[in-house]
Amino acid sequence: MIELKEAEKMVDKLAAKNGKLLISLLEEVQAYYNYLPEEALRAVSKKSKIPLRDVYGVATFYNAFRMKPCGKHLVCVCLGTACHVRGSMRVLDKIENRLNVKAGGTTSDKKFTLETVNCLGACALGPVMVIDGKYHGNMTAAKVDNVLKDSESKKRNKK
Amino acid sequence: MRKINNSTELEKLRKSILDKVDVNKPCVSICKSSGCGAFGADDIVERFRKELQKNKLDNKIDIKITGCHGFCERGPIIVIRPKGIFYQRCKPEHIPVIVSKTLINGELIDELLYADPNTGQKIPYEKDVPFYKKQTRLVLADCGKIDPTSIGDYIALGGYASLVKALFEMKEEKIINEVKQSGLRGRGGAGFPTGLKWEAARKQKSDIKYIICNADEGDPGAYMNRSVLESNPHSVIEGMIIGAYAIGSNEGWMYVRNEYPLAVENLNKAINDAREMGFLDENILGSKFNFDIKMAKGAGAFVCGEETALIASIEGKRGMPRQRPPFPAQHGLFGKPTNINNVETWANVPMIIAKGAGWFAKMGTQTSKGTKIFSLVGKVQNTGLVEVPMGTKLSEVVFDIGGGPPNNKKVKAVQTGGPSGGCIPKNMFHLPIDYESLKTAGAIMGSGGMIVMDESTCMVDIAKYFTNFLQEESCGKCVTCREGTQRMHEILTGITEGNGKESDLKLLEEMGRIIKDASMCGLGQTAPNPVLATMRYFRDEYAEHITKKRCKAVACKEIISSPCQHTCPIDTEAATYISLIAKGKYDQALHIIKKDNPLCSTLARVCNHPCESKCRAGDGGEPISIRGLKRFVTDYGLAKKQALKVKSAPKNGKGKVAVIGAGPAGLTCAFHLAQKGYETTVFEKLPVIGGMLAVAIPEYRLPRQVLNADLEYIKSAGINIRTNTALGKDITIDGLLKQGYKAIFIATGAHKSLKLGIPGEDAKGIYPSMELLREINLGNQVKIGRRVGVIGGGNSALDAARVALRSGKTESVTIFYRRTGAEMPAYKEEVEGAINEGIKIEFLTAPTKISAENGLLKKCHFVRMKLGDMDESGRRKPVPIQGSEFAVELDTLIVAISEQPEASYADKKTGLDIAKDGTITVNPETMATNAKGIFAGGDSVTGPNSVVEAVSAGKVAAASIEQFLNGQEVKRQYTLTRPSLYIEPVELSEKELAEAKRPVQAHLKPEQRNSNFKEVELGLTEAQAVNEAKRCLRCDLETKDGKKFIEEIKNKSKSKNNKEKAGVACLK
């Protein structure tokens, strides 16, 4: 549980760095908390004098924002057209099967959050997936198990 | 960093930087752009630093960390200047060798050099690499040369000289005029004339004006902007300052995608450096012009690439577009006049100012000037960033620069313009790339993403993919876009899952028109493009999905189940029998094979296995040895004498059927008809049954006893056979009908060898291949000389060559083929076998005439061929090389260029439609000819084709004949591909996974084969078969049905465990 007063203090600090831009501020808040807790949104609304409904509207409009905490490891599969044409759907299917979670969700043991992105711009490597900032290229369904196992042993995700 | 106060100081600084540069000092430039970074460029840089230090070379050799070199497929890339040595696919472990061999000893490292894929020739220097040679790199010129974090590097190469010219030598109107005259059009996608846009913004009277750089590159597969921002950010900044000056703006914004952290980082550094040195902020270079740039980041919304949505996003709102007019030029960011341009547009500006509008306008076409950067990605060998003048043909980009699709696959189309664009099919690759021609073709230029698609790309799936993307990214404001993209996606999903309806296509077109018409912004207005474009050029694919439940590209899972079964012309459930082999259940596996295939032991030897060509294990690996596994089971069946006969069905009295031709098509048709209870008689011209199986395919490929086992199996269904009975001579169509046959199936094959059509062909010693093979298979003697030549490249050529060899009288056997090895239609196994046996193959060689002596063959004259220009399908046509004629002395020449059906029996009375090449015209879905009650199939319809296609034709014809005899409409029934049962998967252990490889069948050694007809392939051992079967990826379990089956197994085992636990608890 996050205390509203604590959230307000944190938002003050981040806003001082960021100036007026709402989206950048929300990004900083998410980088700190790993998602956008309700209390933080209330604090942002108070600080920026933007009505909460508009802050919430912005937070839920953009794909980059998460309203639920992220798992220990962030698995991001590129579903850009070039990767799609090279078979990224099969890689995603295999990951969903292995982790027993659908894209957009977090595993029940909170170890993995699985997201998709619509182009990382690394098309020569396609199909591409990124785990905790580390790129894995030329992915096939067969490679998924090893890549997931490998990342499990590493530290918490850094975005 | 010193502040530059005027243009003189800038020139002084430029000179001092250049003076310090030692052009002869080696410089290792390492690409550390996002792409190569992902390949591990960081480690390479570290390793280089250590090695240079170790060798005390860190003062003598510079390391320059650069941005993107563009040839991303070959990353990590290192270029050693000044020579320009180009090393590709570098790894950290290569670095010590690069230092010792190349940097210290001046030697090139072969392994790291780029090799021409056609000739294998190594190309050591960057400027000669074909990928670069055919481009015109202007915006990208310095990417890969400069350190993007060094403003000094930018200045050294002439940076900010254009800014000086603009500020001090040109008035604002002149700058705008220059941009107008250049013909520069927006590079973000819409292609609006940039000069006009600037002029509109300039005309606005306002104390505050903004300019924005749209770096929200959202098209999936497009990363041109990312590269420019990461590799040469100052080029964009300089363009923006010039534009701001011309328009009268003092504040600029960079709106960058948050998914581009390196671009953001390098931009920030560049902006800070520029500010420090006086190119930004107040009184720039003493001009009294103030301008600065702020950065805003996107947050993952494709729609924010649209101008008004982008503005809303900077303002901290949801990225929802608004009505225009008013345009951003009148009312933009924070309500002020705003000019937005794409990264590439801004980056072109300094060059236009420096070299003039005339220089720029010389490049390109009438309406599209300058160059364009494309990200060439997808199914293409040379993935990377390509910059070419407008007007370059698509074929040049895809083939000459891109190298075409990998793995010899055939190209199908390119997608341009991302989700707002469309596809261009391969037969339109002659189109020049410009805004208008792409639009007319139904696509758009877009921001530059060019996705190459090959035969394994399903165009319906692509349309579904794009509508899925668009429905997620739609801001939701307009009903037509919000609901329309969702509904289109639903319809397309239905089609790809086998639930499509014929009316869906019209509905999609109607919806497309409405969505285009009634949506407010570019996203909605272009959302139907991918659907409409794919329907325009690939409507047959849509139709096949809907009516035939077929996905030829084997991409749509719910339709295909497993690619092997879906591709098999007779619907054999390979995944099922393979999974049974993995479990050791060979009897069940045999049953699965036999139920769809009465010629299974034969096909297990001679099938061309289209299944293996689509096997998923073959993606980045080796396909499963499906035919080998089938043979393992059928051999097991033969050895155990299992299922050698069928129970013959009682006759249903609904009429008798005549089948003409006892080849695979005819026999399969007769077999199925007999099983359905019809009285069937097969009439065969030759003294033996089996068609090509008996009189063409040699015994070393198909042993007589194996063929006979299948023939006995078919005969056991209870069919009447009359050999030595020829159509047109002993029987006629008319005659059969008069005899009371209610339906006729013509399957007379294609046994007539084509002539070469060259002078002297009637000399003695020249054999058509079909005649030779038939005589030898029937046990007759054929005179074969010492030196044998075979003309052709198909299976009959290979068969003829290997049979001639086995006569034991030859000194040399040579095959002459007019194209290259890669294009040879014969099965790879046959070609390998021939080469192992000492048969020579001369490629790119065509016969021109025969010399005879006393009517006997003496010499054959040939001319060498070379691959000429690319035709529209992307294949090079062979053309003769003048003056390369030569002659070969031969005793026997076998002509095996192709075969045709012999259709002389067909006279006007039969009413059959026969084409010029002798093939019978049928409805390909039902095998019905235009004469009532007469059906045809196999080679007599298609020309020379595979055995399995003939078997399929027979099966389809039998079903059609049954409908006909029952008075029903003769219509093909299509069902979704599904296995008849699911088998629990066997998982490979980690050790097995690591060792899993496609097994190689044992073969008879060449020395053991040359003078006999013993079978050459010896089959898989049991251990090989079981291991290979376990390697199967079980694609059949990936459909919803398959997944349900797996769930049920999981649940059963869960409840079993619970019961056991409960049992234990009870015991306790």
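Convention: sequence-line order gives letters A, B, ...; per-chain numbering from 1.
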Asks: With a 6.0 Å cut-off (strictly less than), is the heavy-atom count around OH of A:Tyr56, excluding the residue itself, greater than 12?
Replies: no

Asks: To the nearest 0.5 Å, how far apart are CD in B:Gln415 and NE2 in A:His84?
Replies: 11.0 Å

Asks: Would you confirm whether A:Tyr135, through its side chain, and B:Gly37, through its main-chain N or O, come within 3.5 Å as a donor-acceptor pair?
Replies: no

Asks: Please indicate whether B:Lys997 has more than 12 foreign heavy atoms, meaning atoms of other residues, nucleotides or ligands, lying under 6.0 Å from its NZ.
Replies: no

Asks: To the closest 0.5 Å, what do you measure between CE (B:Met320) and CZ (A:Phe61)?
Replies: 6.0 Å

Asks: Below 4.5 Å from any heavy atom of chain A, which atoms of B:Ala222 appear? Answer side chain, backbone, both or neither.
Replies: backbone

Asks: Highest number of heavy-atom pairs under 4.5 Å with chain B: which of A:Ala122, A:Cys123, A:Gly87?
Replies: A:Cys123

Asks: Identify whether the distance between the nearest side-chain nitrogen and carboxylate oxygen of A:Arg90 and B:Asp619 falls below 4.0 Å.
Replies: yes

Asks: Answer with side chain, backbone, both or neither: which region of B:Arg318 has an atom nearer than 4.5 Å to a non-hydrogen atom of chain A?
Replies: both

Asks: Can you find a heavy atom in the side chain of B:Phe469 that is under 4.5 Å from one in the side chain of A:Asn118?
Replies: yes

Asks: Within a radius of less than 6.0 Å around CG of A:Asn100, do more than 12 heavy atoms belonging to other residues, nucleotides or ligands occur?
Replies: no

Asks: Do we see a donor-acceptor contact under 3.5 Å between the side chains of A:Asn63 and B:Glu473?
Replies: yes

Asks: Taking B:Glu1038, B:Glu472, B:Arg616 one by one, which has the highest count of heavy-atom pairs under 4.5 Å against chain A?
Replies: B:Arg616

Asks: Looking only at non-hydrogen atoms, find the nearest pair between B:Ala301 and A:Tyr62 and report the distance.
Replies: CB-CD2, 3.6 Å

Asks: Would you compute the distance between atom SG of B:Cys304 and atom CD1 of A:Ile23 and round it to the nearest 0.5 angstrom?
Replies: 6.5 Å

Asks: Answer yes or no: are there more than 12 heavy-atom neighbours, outside A:Lys46 itself, under 6.0 Å from its atom NZ?
Replies: no

Asks: Side chain, backbone, both or neither: which part of B:Phe302 has a non-hydrogen atom closer than 4.5 Å to chain A?
Replies: neither

Asks: Do you know which of A:Val117, A:Asp145, A:Leu79, A:Asp54 has the most heavy-atom pairs under 4.5 Å to chain B?
Replies: A:Leu79

Asks: Can you confirm whether A:Val85 sits close enough to B:Val377 that some side-chain heavy atom of one is under 4.5 Å from a side-chain heavy atom of the other?
Replies: no

Asks: For B:Ser456, is it the side chain, the backbone, both, or neither that has a heavy atom closer than 4.5 Å to a heavy atom of chain A?
Replies: neither

Asks: Answer with side chain, backbone, both or neither: which region of B:Lys294 has an atom nearer than 4.5 Å to a non-hydrogen atom of chain A?
Replies: neither

Asks: Let me know if B:Met224 has heavy atoms under 4.5 Å from chain A in its side chain, its backbone, both or neither.
Replies: neither

Asks: If you take all heavy atoms of A:Ala124 and B:Thr383, which pair is closest and at what distance?
Replies: CA-CG2, 3.5 Å

Asks: Counting distance only, does the side-chain N/O of A:Arg86 pair as donor-acceptor with the main-chain N or O of B:Gly378 below 3.5 Å?
Replies: yes

Asks: Given heavy-atom pairs under 4.5 angstrom as the criterion, report whether the side chain, backbone, both or neither of B:Leu1033 touches chain A.
Replies: neither

Asks: For atom CD of B:Glu987, decide whether the heavy atoms of other residues, nucleotides or ligands shown that lie under 6.0 angstrom number more than 12.
Replies: no

Asks: Using non-hydrogen atoms only, which part of A:Val130 is less than 4.5 Å away from chain B: side chain, backbone, both, or neither?
Replies: neither

Asks: At a heavy-atom separation under 4.5 Å, does B:Val303 approach chain A through its side chain, its backbone, both, or neither?
Replies: side chain

Asks: Give, for atom CZ of B:Arg257 and atom CG of A:Leu120, the distance between the pair rounded to the nearest 0.5 Å.
Replies: 7.5 Å

Asks: Which answer fits B:Lys317, side chain, backbone, both or neither, if we ask what part of it has an atom under 4.5 Å from a heavy atom of chain A?
Replies: backbone

Asks: Just verifying a value: how many Å separate B:Glu217 CD and A:Cys119 SG, rounded to the nearest 0.5 Å?
Replies: 7.5 Å

Asks: What's the separation between atom CG in A:Leu22 and atom CD1 in B:Ile314, rounded to the nearest 0.5 Å?
Replies: 13.0 Å

